[in-house]
Amino acid sequence: IFTPTIGLQTMCNIDMIHINGIFVSKYNIKILIVSDESYTYNNNTFIYKDTIYSKNDQINVELTNIRFEKNIYTCIGKLV
């Protein structure tokens with residue numbers, strides 16, 4: 001069983017890329033990476049540390065906030 005904890009770094013699947021953020025998941029737990037200056041959005045892809053990422057790619061994420069509501073975890077994270 002995967003239990004998210006603040007500070008955990010894990011590889012996640014990119015589900016959706018939006019100008020306002022990136023949606024990723026790990027074991028059906030949804031994680032939002034809020035848009036910031038660490039990456040550049042470009043037409044449904046984004047560039048982070050000189051690498052272009054798109055939907056269904058894997059990327060390393062650090063969890064910064066966790067909520068458990070209605071028996072479901074949802075998280076906020078940042079790229080690492």
Side-chain angles (χ1 to χ4, degrees):
I1 296 175
F2 178 76
T3 304
T5 56
I6 292 177
L8 176 72
Q9 293 186 10
T10 185
M11 291 299 288
C12 296
N13 185 60
I14 299 171
D15 296 327
M16 185 172 74
I17 300 169
H18 189 272
I19 194 165
N20 295 317
I22 303 165
F23 295 88
V24 299
S25 62
K26 177 78 169 190
Y27 301 120
N28 291 322
I29 296 173
K30 304 296 183 192
I31 304 164
L32 169 64
I33 300 157
V34 179
S35 180
D36 63 23
E37 294 180 6
S38 69
Y39 68 90
T40 305
Y41 173 82
N42 185 15
N43 195 25
N44 293 322
T45 65
F46 68 95
I47 302 168
Y48 179 68
K49 293 186 178 178
D50 297 323
T51 303
I52 299 173
Y53 293 93
S54 58
K55 184 178 175 182
N56 297 322
D57 286 346
Q58 296 279 314
I59 193 160
N60 199 25
V61 171
E62 179 179 338
L63 302 182
T64 59
N65 197 339
I66 299 166
R67 180 170 37 183
F68 185 73
E69 190 174 285
K70 298 180 183 175
N71 293 324
I72 297 173
Y73 283 105
T74 55
C75 306
I76 295 178
K78 65 180 181 179
L79 301 176
V80 291

Using the rule given for side chain to side chain contact (heavy atoms under 4.5 Å, CB included), can you reason through L8 versus L63, listing the C-alpha separation, both sets of side-chain angles and the distance that settles it, and then say yes or no?
CA-CA 6 Å; L8 176 72; L63 302 182; 4.2 Å; yes

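- Residues Y39 and L79 share a closest heavy-atom pair of CD2-CD1, 3.7 Å.
- The salt bridge (charged side-chain N to carboxylate O under 4.0 Å, His left out) analysis of residues 64-80, with sequence neighbours excluded, yields the pairs R67-E69.
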Only distances under 3.5 Å count here; give the side-chain donor-acceptor pairs of residues 17-31 to other protein atoms, sequence neighbours excluded, each with its distance to 0.1 Å.
unit_1	atom_1	unit_2	atom_2	d
H18	ND1	N20	N	3.0
S25	OG	D15	OD1	3.4
S25	OG	D15	OD2	2.9
K26	NZ	T10	OG1	3.3
K26	NZ	M11	O	3.1

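- Closest heavy-atom contact between I66 and C75: CG1-SG, 4.0 Å.
- Legend: residues meeting ring pair (Phe, Tyr, Trp, His ring centres under 6.0 Å) with Y41, ordered by chain and number and at least two apart, are absent.
- Within the structure, salt bridge (charged side-chain N to carboxylate O under 4.0 Å, His left out) contacts touching residues 42-63 (residues at least two apart or in different chains) do not occur.
- The closest side-chain donor-acceptor pair between T40 and N42, if any, does not fall under 3.5 angstrom.
- The aromatic rings of Y53 and Y48 lie tilted to each other, with the angle between the two planes from 30° to 60°.
- Taking hydrophobic clusters as Ile, Leu, Val, Met, Phe, Trp and Tyr residues chained together by side-chain heavy-atom distances below 4.5 Å, I76 does not share a cluster with I14.
- You'll find the side chain of N13 reaches within 4.5 Å of the side chain of N56, heavy atoms only.
- Annotation: ring pair (Phe, Tyr, Trp, His ring centres under 6.0 Å) contacts of F68 (sequence neighbours excluded): Y73.
- Taken together through direct or relayed side-chain contacts under 4.5 Å among Ile, Leu, Val, Met, Phe, Trp and Tyr, M16 and V34 form part of one hydrophobic cluster.
- Summarising the hydrophobic clusters (Ile, Leu, Val, Met, Phe, Trp, Tyr; side-chain heavy atoms under 4.5 Å, direct or chained), the residues clustered with I47 are I52.
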